[in-house]
Amino acid sequence: MPHHDLVIIGSGSGNSLLTPDLARLDVAIVEKGVFGGTCLNVGCIPTKMFVMPADRVVEADDASRLGVDFPAPSVDWPAIRDRIFGRIDPISRGGEEYRRGQDHVTLYRTRARFVGERRLALDTGEELTADRVVVAAGSRAVGLPVEHLEGPDPERGIHTSDTVMRMDTLPERMVMIGGGYVACEMSHVFAGLGVQVTQVQRSSRLLMNEEEAVSQTYTDVASGRYDVRLRSTVTSATPVDGGWLLEIAGPDGSSTLETDAVLLAVGRRPNADLVDAVDGGIDTHPDGRIVVDSQQRTSAERVWALGDVSSEWQLKHVANHDAKVVAHNLAVDLGRVPGPPQHNDLFPVPHAVFGNPQVASFGPTARELEADGTPYVTYTQQVGDVAYGWALEDEVGHLTVHASPDGHLLAAHMVGHQASSIIQPLVQAASLGQTAAEVARGQYWIHPALAEVVENALLGLPLEH
Ligand SMILES: Cc1cc2nc3c(=O)[nH]c(=O)nc-3n(C[C@H](O)[C@H](O)[C@H](O)COP(=O)(O)OP(=O)(O)OC[C@H]3O[C@@H](n4cnc5c(N)ncnc54)[C@H](O)[C@@H]3O)c2cc1C
Ligand SMILES: NC(=O)c1ccc[n+]([C@@H]2O[C@H](COP(=O)([O-])OP(=O)(O)OC[C@H]3O[C@@H](n4cnc5c(N)ncnc54)[C@H](O)[C@@H]3O)[C@@H](O)[C@H]2O)c1
């Protein structure tokens, strides 16, 4: 039975563990799917590359408010799709070839599951043991408990984010089920590319976990672009000629809708069950995530976990940071670098939704601060009230900052042009403990840049003096 110094399950963020500190270890990587994981192949990177052409369409449409009229866009789906995967697929193939070419790395292209402590059975019938194991097995899209919608069936037009970006042709009509990150980004993409989109969301707003005003603004803008059904869900799917007849239960009762394709975007489940984590002595949370401590250690000795399989945040920057912590802690455990082990204590965790407009945020919402009884002051700056916002003729963007009364930043929530980048100085200030006054007054703010939204939001806070 092969024995390795280290086995890594999953080639997404797990593949970035092999730092120079871990050189010359006998390492096995087990990967059952496409090499490189979700972010590269079916997640962050391709989605944002699809968002860009959709953004161009929205901008061209919006340009008439600035006195410029473009003709109706002509969209070449195969060209967009093939340009994107023509760049991504070689990176995945190259990464796999690189690992295959390394003498000290063995790549097993199959599924691994625990059958004991640091003992793994592969679907090929082989068994492996290891001194150390890292579980980096990610998460997967879930379906609905509705016949035909339990999971993807791309040949018949039922997709998840894993398949929807590689469709042969653009459907005329699509139904996106869900109101979170994936459904909002994909609704923007496909509506932008000319598909007649209906988005079906169970809650009363899209992006329901965001600050209420952000979520409301996003819902209002999206509802102006395509059909948004709130407080609704799909209760049945019947195959009809070339498509599907969906029954939608909403606040006014049931209705039916014909569509050519469906996107299931109702959340992602951690893959701890696919690795039979419990059989490896690894504890899991009730929601299926692997339990880890602040050093990313699981309950099993010399088994670590990282990324979506264990994290509260299913975000690539979080998985990347987890991987850095695990790589360091493996090196400490091996005696290759001096201790102490690292703790995963980087806060706050920001995120962005790359719809149109973008949404970006970190920290609690006003409702959460109030529920916790946390004292705070707050200010909302409209994008349309700074000079760059005049240039944009912006009517929707806003940034809300919550701070403690002495000026330490607690949270920021933005909807608007390039929110994912605009919010970063606030993430930095909150991470490094800088106060609102230090950030606002301690540097030049380029005039008339969009970042003046941040400066004005900080200056607007009614702080204690
Ligand atoms: C459509 C979409 C868009 C996204 N956009 C963003 C974004 O813009 N920004 C952002 O921060 N995050 C984004 N995310 C989230 C981000 O992709 C994930 O948080 C991140 O990729 C998780 O990395 P990971 O290493 O934990 O898992 P993964 O990259 O999923 O890697 C896990 C790997 O393990 C393999 N595996 C699983 N079980 C086994 C097993 N038993 N045996 C062998 N191999 C196994 C899987 O095949 C997979 O390759 C997006 C996700 C999706 C779905
Ligand atoms: N830009 C990014 O960083 C990015 C992009 C995509 C995905 N992701 C990650 O992937 C995760 C999964 O994304 P997701 O959008 O699939 O999940 P999500 O948890 O963000 O959203 C799920 C949505 O589905 C809705 N829903 C659930 N059941 C429903 C039903 N029966 N009918 C109608 N709506 C229903 C919920 O109300 C919610 O709006 C995200 O939480 C995020 O961490 C991140």
Side-chain angles (χ1 to χ4, degrees), residues 7-17 29-48 50-51 92 108-114 120-123 135-146 149 160-162 164-165 176-186 189 199-209 215 229-235 248-249 263-277 305-320 322-323 349-355 358-360 420:
V7 172
I8 301 167
I9 307 174
S11 67
S13 315
N15 186 45
S16 59
L17 276 175
I29 300 177
V30 193
E31 173 55 64
K32 68 170 178 58
V34 188
F35 191 88
T38 302
C39 176
L40 172 66
N41 294 296
V42 290
C44 338
I45 295 178
T47 51
K48 270 77 257 183
F50 279 100
V51 162
S92 166
Y108 296 94
R109 296 297 271 115
T110 183
R111 182 175 82 122
R113 58 196 170 79
F114 285 91
L120 295 159
L122 306 186
D123 280 0
V135 187
S139 62
R140 62 187 184 279
V142 298
L144 287 181
V146 171
L149 301 180
T160 65
S161 51
D162 285 356
V164 75
M165 292 179 268
M176 314 300 198
I177 310 178
Y181 290 64
V182 173
C184 286
E185 290 181 354
M186 290 298 177
V189 166
Q199 187 174 359
V200 181
Q201 153 73 320
R202 193 175 51 181
S203 309
S204 55
R205 298 188 306 271
L206 302 178
L207 301 176
M208 191 69 184
N209 295 332
S215 157
R229 310 276 180 101
L230 300 170
R231 294 191 205 89
S232 298
T233 190
V234 177
T235 49
I248 299 177
L263 176 72
L264 302 169
V266 292
R268 292 178 66 83
R269 177 192 166 107
N271 284 334
D273 56 337
L274 292 189
V275 298
D276 286 346
L306 62 88
D308 282 11
V309 79
S310 54
S311 182
E312 198 180 327
W313 294 280
Q314 295 179 336
L315 296 168
K316 180 58 173 165
H317 41 278
V318 174
N320 285 343
D322 288 359
V349 177
H351 67 266
V353 183
F354 294 78
Q358 291 185 358
V359 165
S420 60

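Both counts, for ligands and for their atoms, begin at 1 and track the order of listing.
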Residues in ring pair (Phe, Tyr, Trp, His ring centres under 6.0 Å) contact with Tyr181, at least two apart in sequence or another chain:
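In terms of ring pair (Phe, Tyr, Trp, His ring centres under 6.0 Å), with neighbours along the sequence ignored, Tyr181 is linked to His351.
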
Could you work out, with side-chain contact (heavy atoms from CB on, under 4.5 Å) as the rule, every residue matching Ser92, not counting sequence neighbours?
Val34, Phe35, Leu40, Asn41

For [X], counting its heavy atoms only, list the atoms of ligand 1 lying under 4.0 Å from any of them.
| X | result |
| --- | --- |
| Leu274 | 41 (N) |
| Cys39 | 17 (O), 21 (O) |
| Ala136 | 31 (O), 32 (C), 33 (C), 34 (O) |
| Gly138 | 26 (O), 27 (O), 30 (O), 32 (C) |
| Val275 | 40 (C), 41 (N) |
| His317 | 11 (O) |

For ligand 1, is [X] a contact, meaning one of its heavy atoms is under 4.0 Å away?
| X | value |
| --- | --- |
| His351 | no |
| Asp322 | no |
| Arg113 | no |
| Asn41 | no |

Could you tell me whether Arg268 and ligand 1 have an N or O pair separated by under 3.5 Å?
no

Short N or O distance, Ala112 and ligand 1, threshold 3.5 Å exclusive:
yes

Please write down residue, atom name and distance for the protein heavy atom closest to atom 11 (O) of ligand 1.
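Protein heavy atom with the smallest distance to atom 11 (O) of ligand 1: Lys316 N, 2.8 Å.
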
So which heavy atom in the protein is nearest atom 34 (O) of ligand 1, and how far is it from that ligand atom?
Gly10 CA, 3.2 Å

For the CD1 atom of Ile8 and the OG atom of Ser13, what is their distance to the nearest 0.5 Å?
11.0 Å

For [atom], tell me which residue out of [options] has the closest non-hydrogen atom.
| atom | options | value |
| --- | --- | --- |
| atom 23 (O) of ligand 1 | Gly33, Gly307, Ser13 | Ser13 |
| atom 37 (C) of ligand 1 | Ala137, Ala305, Ser420 | Ala137 |
| atom 19 (O) of ligand 1 | Val309, Val30, Asp308, Val353 | Asp308 |
| atom 16 (C) of ligand 1 | Cys44, Gly43, Ser92 | Cys44 |

Residues Leu263, Val182; criterion side-chain contact (heavy atoms from CB on, under 4.5 Å); working and verdict:
CA-CA 9 Å; Leu263 176 72; Val182 173; 4.3 Å; yes

Atom-level proximity to ligand 2, residues with heavy atom under 4.0 Å
Lys48, Leu144, Ile177, Gly178, Gly179, Gly180, Tyr181, Val182, Glu185, Val200, Gln201, Arg202, Ser203, Ser232, Thr233, Ala265, Val266, Gly267, Arg268, Gln314, Leu315, Ala352, Phe354

Inspect the surroundings of CZ in Arg109 and state if more than 12 heavy atoms from other residues, nucleotides or ligands are less than 6.0 Å away.
yes

Give the intermediate values and the outcome of side-chain contact (heavy atoms from CB on, under 4.5 Å) for residues Asn271 and Asp308.
CA-CA 8 Å; Asn271 284 334; Asp308 282 11; over 6 Å; no

What pairs with Ser11 under side-chain hydrogen bond (donor to acceptor under 3.5 Å, both in side chains), at least two apart in sequence or on another chain?
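Here the qualifying residues are Glu31.
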
Are Asp273 and Arg140 close enough for a salt bridge, meaning some N to O gap below 4.0 Å?
yes

